[in-house]
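So the structure is just underneath, and the comments pick up after that.
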Amino acid sequence: MSNSPKKCDIVIIGGGPAGLSAGIYTGRARLDSLLIERGVVGGQILNTEWLENYPGFPEGVSGFDLTRSMHQQATKFGLETLIAEVTDVKMTSESKLVKTTQGDFTARAVIVASGSERQKLGVPGEAEYTGKGVSYCATCDGAFFRDKSVVVVGGGNAAITEALELTKFASQITVIHRRDELRATKILQEKAFAEPRIKVLWDSVVEEILGETLVNKVKVRNVKSKKESVLDVSGVFMSIGFKPNTGFLKDILALDNIGAIIANEKMETSVSGVYAVGDIRSNSIRQVISAAGDGAIAAVNAEKYISG
Amino acid sequence: MTKPVNIEGAKFEETVLKSKIPVLVDFWAPWCGPCRMVEPVVDELAEGYDGKVMFARVNVDDNPRIASQYGIMSIPTLMVFKDGQPVSNIVGFRPKAELKKSLDMAL
């Protein structure tokens, strides 16, 4: 590892669909492009077994296959990939330095695509029983709850998708939602309401997760009647939203009230030459298609910025 | 270079529980995305512990009894065994540096 930072045209932080799509475009623009990923290329969509809404795949496609193809495509056009964690960034309109566990890099433009992670609920028992009945991934853990009763906490697309996924295994799925209607898209709602094993507990929040070695109960409170009840369950699937991974960007880029990066329609952030794409961008709709679109827009504008 | 070994049912006791050195067991399944993310990280980690820690994998689909014996309800779970006893477990994907820290603490 050399001490002087390596020079690149573009550094892309994050290897999900947004970063990969940006890499396809910057590679084709013949810009010297480096993608830095801390885990494995693909990102959160790897947790999704089957995507039904990505255009061009009428039968659907797995998150794994889709992102693997995107990575092959970007690599073909010259994108370099480094598996490392970003430890620090220094970004001004004049210069950009990205420090990682595998060396430091300067770039003429930076595309931030580091995504988001599952929000924790923050109730007693949650941390204690993670992996012992509390789960953040129904695709991964559903099979451990065969013929068991589980709850899904949340009411958005992710929550309802998980509830439907769990019908393959669980005997009873109770969706606990704090409002009196779901946010999930209509087609998912229709599927959920048609499924006899899915029940929705409206206006309700989880107060506490209880158990011995493993989870066996959740304490639930109705926010309107204030009544408390206890459900006998073996699993608690958390699906209450996402938190942008912007910890390393505080005080550098302008963020919104949930910590997502504020960017304009060109994906430009508060620092010129720095772009934000995908789930990490304020008001992202958190879809693979929009992440890919963001990546393309940022890449085209970054190219103009560099050559400008 | 040490590669994690795949463990099938009957071999678990002999290989993991009776091991003279600590064993890190990666409980996984082919249909689990985060397990595929953890896999190369564990492979890399294994290289740094040659002869000091054994690395093993248990496919929970093929070995449900081992998984349930150790209360595995989420995958990936990495469990460290010392003298036949589980001494530490890590649930979900973690970057390599964090895994290394957890493993060193367990040793």
Side-chain angles (χ1 to χ4, degrees), chain A residues 15-16 37-50 62-68 83-87 100-102 117-118 120 127-146 148 150 165 168-169 211-215 234-238 245, chain B residues 4 24-48 57-81 85-102 106:
Chain A
E37 163 61 48
R38 68 170 173 168
V40 163
V41 169
Q44 283 182 93
I45 197 65
L46 291 175
N47 297 351
T48 301
E49 198 174 16
W50 209 243
S62 77
F64 184 80
D65 288 338
L66 181 64
T67 51
R68 189 178 49 185
I83 302 297
E85 217 176 334
V86 172
T87 51
T100 82
T101 48
Q102 303 286 325
E117 60 184 24
R118 279 287 168 92
K120 303 264 196 300
E128 188 186 346
Y129 290 111
T130 293
K132 301 285 170 202
V134 174
S135 171
Y136 299 85
C137 177
T139 332
C140 312
D141 302 336
F144 296 110
F145 299 88
R146 206 175 288 276
K148 291 184 174 149
V150 301
E165 172 78 29
K168 286 195 251 169
F169 307 104
E212 285 168 31
T213 336
L214 304 173
V215 169
S234 306
V236 182
F237 288 84
M238 296 292 184
N245 295 323
Chain B
L24 182 143
V25 182
D26 173 5
F27 290 92
W28 73 287
W31 32 262
C32 149
C35 298
R36 284 166 145 167
M37 291 170 66
V38 162
E39 188 183 326
V41 183
V42 170
D43 286 353
E44 250 186 66
L45 194 64
E47 289 173 26
R57 286 209 161 91
V58 171
N59 179 331
V60 298
D61 250 1
D62 300 340
N63 302 284
R65 284 177 59 189
I66 301 174
S68 76
Q69 190 181 340
Y70 291 99
I72 306 290
M73 300 290 261
S74 268
I75 45 172
T77 287
L78 303 178
M79 202 173 260
V80 181
F81 286 81
Q85 293 297 321
V87 292
S88 159
N89 80 329
I90 304 154
V91 179
F93 176 79
R94 300 275 195 293
K96 188 183 160 193
E98 219 176 296
L99 281 186
K100 191 175 179 328
K101 213 189 278 172
S102 307

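Every heavy atom of this structure was used, including side-chain atoms; hydrogens, water molecules and symmetry mates were not. Residue numbers start from 1 in every chain, and the chains themselves are labelled A, B, ... in the order their sequence lines are given, proteins ahead of strands.
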At what distance, to the nearest 0.5 angstrom, does [atom1] of [X] lie from [atom2] of [Y]?
| X | Y | atom1 | atom2 | value |
| --- | --- | --- | --- | --- |
| M37(B) | L46(A) | CE | CG | 6.0 Å |
| I83(A) | K96(B) | CD1 | NZ | 11.5 Å |
| T130(A) | I90(B) | OG1 | CD1 | 14.0 Å |
| S74(B) | Y129(A) | OG | OH | 14.5 Å |
| F93(B) | E117(A) | CZ | CD | 11.5 Å |
| R36(B) | R68(A) | CZ | CZ | 7.5 Å |

Please rank F145(A), Y136(A), F64(A) by heavy-atom pairs under 4.5 Å with chain B and give me the top one. F64(A)

Under 4.5 Å heavy-atom distance to chain A, tell me which part of F27(B) shows up: side chain, backbone, both or neither. neither

Report which part of P34(B) has an atom under 4.5 Å of a heavy atom belonging to chain A: side chain, backbone, both, or neither.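 Both backbone and side chain.
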
Contacting region of T213(A) [heavy-atom separation from chain B under 4.5 Å]: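 Neither part.
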
So for V215(A), is it side chain, backbone, both, or neither that comes closer than 4.5 Å to the heavy atoms of chain B?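 The answer is neither part of V215(A).
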
What is the minimum heavy-atom distance between V40(A) and P40(B), and which atoms define it?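 Of all heavy-atom pairs spanning V40(A) and P40(B), the closest is CG2-CG, 3.5 Å.
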
Taking all heavy atoms of I75(B) and all of D141(A), pick out the closest pair and write down the distance. N-OD1, 2.7 Å

Counting heavy-atom pairs under 4.5 Å to chain A, which of N89(B), V38(B), V91(B) comes out on top? V91(B)

Under a 4.5 Å cut-off applied to non-hydrogen side-chain atoms, are T139(A) and W31(B) in contact?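 Result no, sub-4.5 Å side-chain heavy-atom pair not found.
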
